[in-house]
Amino acid sequence: MRNWIFAAVAAAILAAPAPVMAQAPIIIKFSHVVTNDTPKGKGALKFKELAEKYTNGKVKVEVYPNSTLFKDKEELEALQLGSVQMLAPSTAKFAPLGVKEFEALDLPWLFKDDAAYDAAMKGPVGQWLFKKLQAKGITGLAYWDNGFHMASANRPLIHPADFQGLKIRISGSKIADRYFRDVGSIPQIMAFSEVYHALQTGVVDGCENTPSNYLTQKFHEVQKDITVSYHAHLQYAVIVNSKFWGGLPADIRGQLTKAMAEATDYTNSIAAKENKDALETIKASGKTNLHYLTDAQKVEWQKAMRPTYTWAKGRVGQEVLDLIAKELHVLM
Ligand code: LMR
């Protein structure tokens with residue numbers, strides 16, 4: 001009898017459907033420093049949506065915006081250590097990774113418009129820079145656009161001399177450090193998350209950034225005068241740790257690559273409009289004075305900042321400058 005019961009129970013167990021062992025999803029922590037309501041913030045959320053869809057939930061993307069997980073410098077260290085898997089820092093912040101060459105993209109008045117920027121980054125320049133990154137154990141997946149920088153302070157910045165003696169926050173690039181010195185100001189590197197407070201309390205007098213960043217960080221509320229100078233460009237590189245990326249199953253990596261390509265097209269397609277709308281909102285807020293440079297004033301800025309080009313050769317090397325010059329049909 002006992003044997004019979006045992007056999008019946010064993011048969012029931014064998015006949016029961018095997019419990020479905022839920023496979024834990026692969027987690028991608030995507031950290032960045034701007035709000036969700038910016039081109040980069042929206043791009044990160046679009047990537048999350050597409051990555052989770054294309055991998056059928058096998059990948060879960062956790063987006064941490066607005067420096068909630070890491071600040072600028074920390075996030076790069078975290079990527080190298082593997083405590084975060086994906087970032088999209090401004091390329092002006094890449095020197096600590098050992099790739100100063102990216103700073104060539106910060107040269108003032110380099111790209112005459114969005115189309116020039118696009119052509120350079122989609123051509124050999126963008127790929128050449130990603131190769132440099134690969135040698136450091138970091139894989140570049142895409143470039144995301146965020147338009148051109150404005151400059152601001154609590155006084156109108158119309159002529160180069162207006163910068164004299166001002167402490168200006170910069171994000172990291174030595175090229176930006178140089179062009180702000182060319183006009184007599186004192187640049188200071190500072191994490192993005194600290195800028196609003198530093199402007200408000202007078203730790204720095206001014207800064208540069210794109211309209212979407214001014215609006216979403218409320219910089220325009222603590223700067224009396226903003227010059228819509230568009231003197232330099234802000235772009236991001238979406239990067240991953242190469243070990244992490246190479247260690248993913250090939251099918252998953254393919255699905256993520258597709259998600260990234262589509263998120264990139266989306267981000268780059270909204271960047272110009274997002275910045276245009278942000279500028280309109282800043283204007284309508286009445287909280288700051290917007291200034292526009294005449295062509296002659298632009299030439300004054302260009303002349304004053306020109307020494308940065310000569311200096312840049314020693315910083316970023318001739319090779320990347322030649323590549324850019326060729327792509328843009330300009331002389332450097
Ligand atoms: C900055 O630090 O000013 C920018 O790089 C922030 C960003 O990511 O747009």
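When a ligand or atom number is given, it counts from 1 through the structure's own listing order.
Of the N or O atoms in Asn209, one or more lie within a sub-3.5 Å distance of an N or O in ligand 1. At under 3.5 Å, not a single nitrogen or oxygen of Ser171, backbone or side chain, sits near a nitrogen or oxygen of ligand 1.
Atom numbering of ligand 1 starts at 1 in the shown order; those under 4.0 Å from a heavy atom of Leu234 are 9 (O). In the vicinity of Ser90, heavy-atom distances shorter than 4.0 Å reach the ligand 1 atoms 5 (O). Listed by number with element, the atoms of ligand 1 under 4.0 angstrom from any heavy atom of Val34 are 7 (C), 8 (O), 9 (O).
Proximity of the aromatic rings of Trp109 and Tyr309 is defined here by a centroid distance below 6.0 angstrom, and this criterion is not met. In this structure, Tyr143 has its ring center under 6.0 Å from that of Phe130. A distance below 6.0 Å separates the ring centres of Tyr179 and His231.
Under 4.0 Å is where a charged nitrogen must lie from a carboxylate oxygen, and between Glu49 and Lys53 no such pair does.
Residue contacts with ligand 1 for Thr38 are absent, since no atom lies close enough (heavy atoms, distance under 4.0 Å).
Closest to atom 8 (O) of ligand 1 among all protein heavy atoms lies Lys40 NZ, 2.6 Å. At the shortest separation from atom 9 (O) of ligand 1 among protein heavy atoms lies Tyr236 OH, 2.5 Å.
For Asp322 and Gln318, the side-chain atoms include at least one donor-acceptor pair closer than 3.5 Å.
One option in Lys93, His149, Gln235 has a heavy atom closer to atom 5 (O) of ligand 1 than any other, and that option is Lys93. Counting only non-hydrogen atoms, the option in Glu208, Arg169, Glu194 that gets closest to atom 3 (O) of ligand 1 is Arg169.
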**OP:** Determine, step by step, whether Thr257 and Trp245 satisfy the side-chain contact (heavy atoms from CB on, under 4.5 Å) criterion, reporting the C-alpha distance in whole Å, the side-chain angles of both residues, the deciding distance to 0.1 Å, and the verdict.
**Re:** CA-CA 10 Å; Thr257 302; Trp245 190 247; 3.6 Å; yes

Subject >> Intermediate values then yes/no, side-chain hydrogen bond (donor to acceptor under 3.5 Å, both in side chains), Ser212 and Asn146 >> reply: CA-CA 8 Å; Ser212 59; Asn146 191 12; 3.2 Å; yes

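Taking hydrophobic clusters as Ile, Leu, Val, Met, Phe, Trp and Tyr residues chained together by side-chain heavy-atom distances below 4.5 Å, Tyr64 shares a cluster with Val33.
Judged by the shortest distance from any of its heavy atoms, Val195 lies outside the 4.0 Å radius around the atoms of ligand 1.
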